[in-house]
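So that the names make sense, note that chain A is the first sequence line, chain B the second, and so on, each numbered from 1. Values below: all heavy atoms of this structure, side chains included; hydrogens, waters and symmetry mates excluded.
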There are 2 protein chains.
Amino acid sequence: MSHRHTDVTDQVSNEACPLTEVLDHVAGKWSIGILVAAAQGPVRFTELERTITGISRRMLTLNLRKLERDGLLVRTVHPTVPPRVEYRLTPMAQELRATLSGLVGWAERHRADITTARATYDAATTST
Amino acid sequence: MSHRHTDVTDQVSNEACPLTEVLDHVAGKWSIGILVAAAQGPVRFTELERTITGISRRMLTLNLRKLERDGLLVRTVHPTVPPRVEYRLTPMAQELRATLSGLVGWAERHRADITTARATYDAATTST
DNA sequence: CTGTATCCCTATTGATACTG
DNA sequence: CAGTATCAATAGGGATACAG
C-alpha cells in the first residue's frame, strides 16, 4: 500500500462523522438564516417571519423547533395577553455563528470565481 | 425606534447574501462529504461511491457535476480502455475545506451538548 | 401574536437497466 | 469503469384555515 491515493475510507463513512453532525443542524435551507437573524438579539416570531423573506410560517416553526431542540436557540414565552415569544441564540450557537463567518468570508472572496467557473462550464457544455 | 431589538432586516433578506451563496454550494446532503473525500488526493468515481456510503450512483454523479460546475472539483478523464476518471479539489475548494474544519471543530466540541439538549427537550416534550 | 393542522404540489432521491 | 436514462417513491415546503 503506497499507491499514493491515500486511504480515504475512514473520513466520511460512518454516521458519527462530525461533518454529518454539523450538516444535520445547519444544512437546512433556513437554519443558518434563522441563526443569523436571531443573533442580533432577542427576536420575535413575526420579526423572523418578515426578516427571512421567503420562509413560510410552517417552515419557520419547524426550524425554530429543531434549533431549539438542538440547544441552539432559547425560546422565551412572555405570558402577556397578546403572546410574546422571543428567541435568542445560546452561547453554543453564538460560537457556531462565529465559525460560520469563516464560510461567509470564503464565499465573499470567491463569489466571482464561482460565477466565472459556471459560465466557463456552461459554455463548454452548451456548445458542442 | 430604540426598542433594543436592533434592526435585523438587512442581514438575511436578499438573495445576494453570502450566506445563501455558501449554502447553495455546500448545503447539499452530500457536497461536503464529497469534498472531504476528494481532498485526500485524486479520487476515482467508484472510490467515492464506496467511500460516501449511503450515496446512490445518480446522486454522486449529480453532485460531482455541480461541484465541477462551481469550480470546486476538477474532473480528469484518462482515455484508457477501462475509463479512468479522477476528481480533485481546486485550490479554491481546498481553501473551503480548510474553512470547513472550523465547523468540524465546533461540531466535535459540542456534540455532547447537542445530544444532551435533545434529550432534555424530548423529555420535557414527551412527558406531561 | 404565535403557533398547529391539513391538503397538495413539486423537487429530490433511490433503484434499476442500459451504454460508451 | 463511469456514467446516463427512466420511473416510482418520498420528503420538503407552500397555502390556508383554525386555535390558544
Would a 4.5 Å heavy-atom cut-off, applied to side chains only, mark [X] and [Y] as touching?
X         : Y        : value
Leu72(A)  : Leu89(A) : no
Tyr121(A) : Asp70(B) : no
Met59(A)  : Leu62(A) : yes

Task: Helix axis bend for the helix from dC1(C)-dG20(D) to dG20(C)-dC1(D) - C1'-based end axes, five pairs, 10° rounding - done: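 Here the local axes at opposite ends form an angle of 50°.
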Answer yes or no: is there a donor N or O on one side and an acceptor on the other, between the side chain of [X] and the main chain of [Y], under 3.5 Å?
X         : Y        : value
Thr90(B)  : Ala93(B) : yes
Thr53(B)  : Thr51(B) : yes
Trp106(B) : Met92(A) : yes

- [ ] Select base, sugar-phosphate, or nothing to describe what Thr46(A) touches, counting heavy atoms under 4.0 Å on all strands.
- [x]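 If one applies the 4.0 Å heavy-atom cut-off, Thr46(A) turns out to touch the sugar-phosphate alone, with no base involved.
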Task: Contacts of type salt bridge (charged side-chain N to carboxylate O under 4.0 Å, His left out), residue Arg109(B), not counting sequence neighbours - done: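 Only Glu95(A) meet the salt bridge (charged side-chain N to carboxylate O under 4.0 Å, His left out) criterion with Arg109(B).
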- [ ] With sequence neighbours excluded, tell me which residues meet salt bridge (charged side-chain N to carboxylate O under 4.0 Å, His left out) with Arg57(A).
- [x]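 Once residues adjacent in sequence are excluded, the partners of Arg57(A) under the salt bridge (charged side-chain N to carboxylate O under 4.0 Å, His left out) criterion are Glu49(A).
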Measure the distance from [atom1] on [X] to [atom2] on [N] and round it to the nearest whole Å.
X        : N      : atom1 : atom2 : value
Glu49(A) : dT2(C) : CD    : P     : 9 Å
Arg65(A) : dA5(C) : CZ    : C1'   : 14 Å
Leu60(A) : dG3(C) : CG    : P     : 8 Å

Open item on the list: At under 4.0 Å between heavy atoms, how does the protein contact nucleotides 6-20 of chain C? Give one character per nucleotide, 5' to 3', with B, S or -.
Closed with: B------BBB----B
Side-chain donor-acceptor pairs under 3.5 Å in residues 28-37 of chain A, sequence neighbours left out?
from, atom 1, to, atom 2, distance (Å)
Ser31(A), OG, Lys66(A), NZ, 3.3

TODO: State, to 0.1 Å, how close Val43(B) and Ala38(B) come at their nearest heavy-atom pair, and which atoms those are.
DONE: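 Closest pair (atom of Val43(B), atom of Ala38(B), distance): CG2-CA, 3.8 Å.
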- [ ] Extract, from 5' to 3' on DNA chain D, the first and final nucleotides lying under 4.0 angstrom from some heavy atom of chain B.
- [x]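 Going 5' to 3' along DNA chain D, contacts run dC1(D) to dT6(D).
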